[in-house]
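Reading through the structure tokens given below for one structure.
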Amino acid sequence: MLSNKTAENKTAPVTRASNTPDNVTITAQRMGFEFGDQVPRYWVDNSYSISHIMNALSVLFPQGEQFFVDSVRAFRDQISDPKLKEEIRGFIGQEAMHSLEHVAMNQHVRDQGMPVEELEKHLEVVLGIAKKLPKRHQLAITCALEHLTAMMADMLLERDDVRQDMDESMRPLWVWHAIEETEHKAVAYDVFQAAGGTYAERAFYLMFSTAALGVMSTYFTSRMMLNDRKNFSLKDTATGLWRLWGVNGTFSSLIPTWLEYFKPGFHPWDHDNSDLIARFKEEIQAHIAPQYKKGNRRTLQ
């Protein structure tokens, strides 16, 4: 006699939600970077304006990355794909390490007389408003900002001229950060998709987040330049803006990649740049502080 048992006793197959290539591993690594007298005040090609812009971005990172972690963590229990669940763990760990390393850099910026603590308080207010949004909208913001950081990471790893403009005392931090942003660039997006995120949500929040980042980074940069006004140079500022937004500029060259996010079928790994991870990962290992050579499990999980 045939069994009367139905498929209800069978385990339902798990749908794969992760689209990160199998050759990319997302693991956290504490680096232990130190910043002191060896770092020039204007560490990006001796440029007053561009150095302050990069310092301003660094001040945004610790709180911003905690926001990313919280928005992804809110949906972790809804994910059934074991691979994506493990990638979420790696994402949280990597973002935690980024926060720690940029806290160290920001202390160096503070020591130069920049109003870091005041700017952090302003950022806390802005993020406090964002945290009042529905959880999936917060995740959409994270996806948008992860797209922006992935764009900048790819550009930094691709363009020798951009890396070479950075003083060697600062370059390892930004290369390491770019590697890990590339590794986990799709995690928040895959979680968003699995959580039922819509095209309208992600498209709107890319525009919203880009504008918000532009306003905050401009404000932070302006405050730093005001504090350092004795060294202000109109020529340097104009040259810096042209290098960022002129023909083939550091940021203007990213506009086509920014627009790709609006494709209905977009995915961060449509552009497979995993070869850049392999190219730079071994090189950056030499910059791990001795006490962290065997790894460090401290994360924000």
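Taking the ring centroids of Phe91 and Phe68, they lie at or beyond the 6.0 Å cut-off. In summary, the aromatic rings of His102 and Trp174 are positioned with their centroids under 6.0 Å apart. A distance of 6.0 Å or more separates the ring centres of His147 and Tyr189. Checked against a 6.0 Å centroid threshold, the rings of His177 and Phe61 count as neighbours.
Counting only distance, with no hydrogens or angles, the side chain of Gln29 and the backbone of Tyr292 share a donor-acceptor pair below 3.5 Å. Judged purely by atom type and a 3.5 angstrom limit, Arg136 uses its side chain to pair as donor or acceptor with the backbone of Gly196. Within the 3.5 Å criterion, the main-chain N or O of Ala17 finds a donor-acceptor partner in the side chain of Asp81. Here the side chain of Arg202 pairs no donor or acceptor atom with the backbone of Ala144 at under 3.5 angstrom. Using modelled atom types, one side-chain atom of Arg171 and one backbone atom of Met166 make a donor-acceptor pair closer than 3.5 Å. At least one donor-acceptor pair closer than 3.5 Å links the side chain of Gln94 to the backbone N or O of Thr27. Between the side chain of Asp167 and the backbone N or O of Val39 there is no donor-acceptor pair closer than 3.5 Å. Here the side chain of Arg223 pairs no donor or acceptor atom with the backbone of Leu119 at under 3.5 angstrom. Side chain of Thr221 to main chain of Ala56: no donor-acceptor pair is present (N/O by atom type, distance under 3.5 Å, no hydrogens or angles). A donor-acceptor contact shorter than 3.5 Å is absent between the side chain of His108 and the backbone of Ala104.
Residues satisfying the side chain to side chain donor-acceptor pair (under 3.5 Å) criterion with Asn23, sequence neighbours excluded, are Ser274. The side-chain contact (heavy atoms from CB on, under 4.5 Å) check on Asp228 picks up Arg41, Tyr42, Tyr48, His52, Met114, Lys230, Asn231, with sequence neighbours excluded.
A distance of 11.5 Å separates NZ of Lys131 from CD1 of Ile141, quoted to the nearest 0.5 Å. The line from CG of Asn106 to CD of Glu117 is 11.0 Å long, rounded to the nearest 0.5 Å. Put simply, OG on Ser252 and CG on Leu244 are 8.5 Å apart, with the number rounded to the nearest 0.5 Å. Note that CZ of Phe35 is 7.0 Å distant from CD of Glu101, once rounded to the nearest 0.5 Å. Ile277 contributes atom CD1, which lies 13.0 Å from atom CZ of Arg279 (distance to the nearest 0.5 angstrom). The distance from atom CG of Asp154 to atom OG1 of Thr257, rounded to the nearest 0.5 Å, is 7.0 Å.
Residue Glu34 qualifies as open at atom CD: its count of foreign heavy atoms under 6.0 Å is 12 or below. Annotation for Glu282: atom CD does not count as buried by contact number, only 12 or fewer foreign heavy atoms lying within 6.0 Å. No more than 12 heavy-atom neighbours from other residues, nucleotides or ligands sit within 6.0 angstrom of CD on Glu124.
Between the side chains of Glu87 and Ser18, at least one donor N or O sits under 3.5 Å from an acceptor N or O. Asn248 and Ser253 share no donor-acceptor pair across their side chains, judged by distance under 3.5 Å alone. For the residue pair Trp43 / Ser169, no side-chain donor-acceptor distance below 3.5 Å is found, with atom types taken as modelled.
Side-chain contact between Phe33 and Met105: absent, with no pair of heavy atoms (C-beta onward) separated by less than 4.5 Å. In this structure, Arg76 and Ile92 have side chains that are in contact, with non-hydrogen atoms separated by less than 4.5 Å. Between Glu95 and Glu146, some side-chain heavy-atom pair lies under the 4.5 Å cut-off. In this structure, Phe280 and Ile284 have side chains that are not in contact, with every pair of non-hydrogen atoms separated by 4.5 Å or more. At least one side-chain heavy atom of Asp45 sits under 4.5 Å from a side-chain heavy atom of Arg243. Between Met155 and Val162, the closest side-chain pair of non-hydrogen atoms falls below 4.5 Å. Between Leu276 and Asn273, some side-chain heavy-atom pair lies under the 4.5 Å cut-off. At a threshold of 4.5 Å between non-hydrogen side-chain atoms, the residues Leu206 and Leu148 count as touching.
Hydrophobic clustering places Phe67 together with Tyr219 (ILVMFWY residues linked when any side-chain heavy atoms are closer than 4.5 Å, directly or through intermediates). Ile255 and Phe266 fall within a single hydrophobic cluster, where Ile, Leu, Val, Met, Phe, Trp and Tyr are joined by side-chain heavy atoms under 4.5 Å apart, directly or via other members.
Of all heavy-atom pairs between Ala28 and Met97, the closest is CB-CG, 4.0 Å. Taking each heavy atom of Ser58 and Pro62 in turn, the nearest pair found is O-CD, 3.2 Å. Contact detail for Ala188 and Val72: the closest heavy-atom pair is CB-CG2, 3.9 Å. When all heavy atoms are compared, the tightest approach of Leu60 to Ser217 is CD1-CB, 4.2 Å.
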Can you check side chain to side chain contact (heavy atoms under 4.5 Å, CB included) on Leu123 and Met216, steps first, answer last?
CA-CA 8 Å; Leu123 179 59; Met216 293 301 294; 4.2 Å; yes

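The side chain to side chain donor-acceptor pair (under 3.5 Å) contacts involving residues 259-270 comprise Asp190-His267, where partners must be two or more places apart or lie in separate chains.
Remark: Lys281 does not engage Asp275 in a salt bridge, criterion side-chain N to carboxylate O under 4.0 Å. Taking a cutoff of 4.0 Å between a charged side-chain nitrogen and a carboxylate oxygen, Arg110 and Glu120 qualify as a salt bridge.
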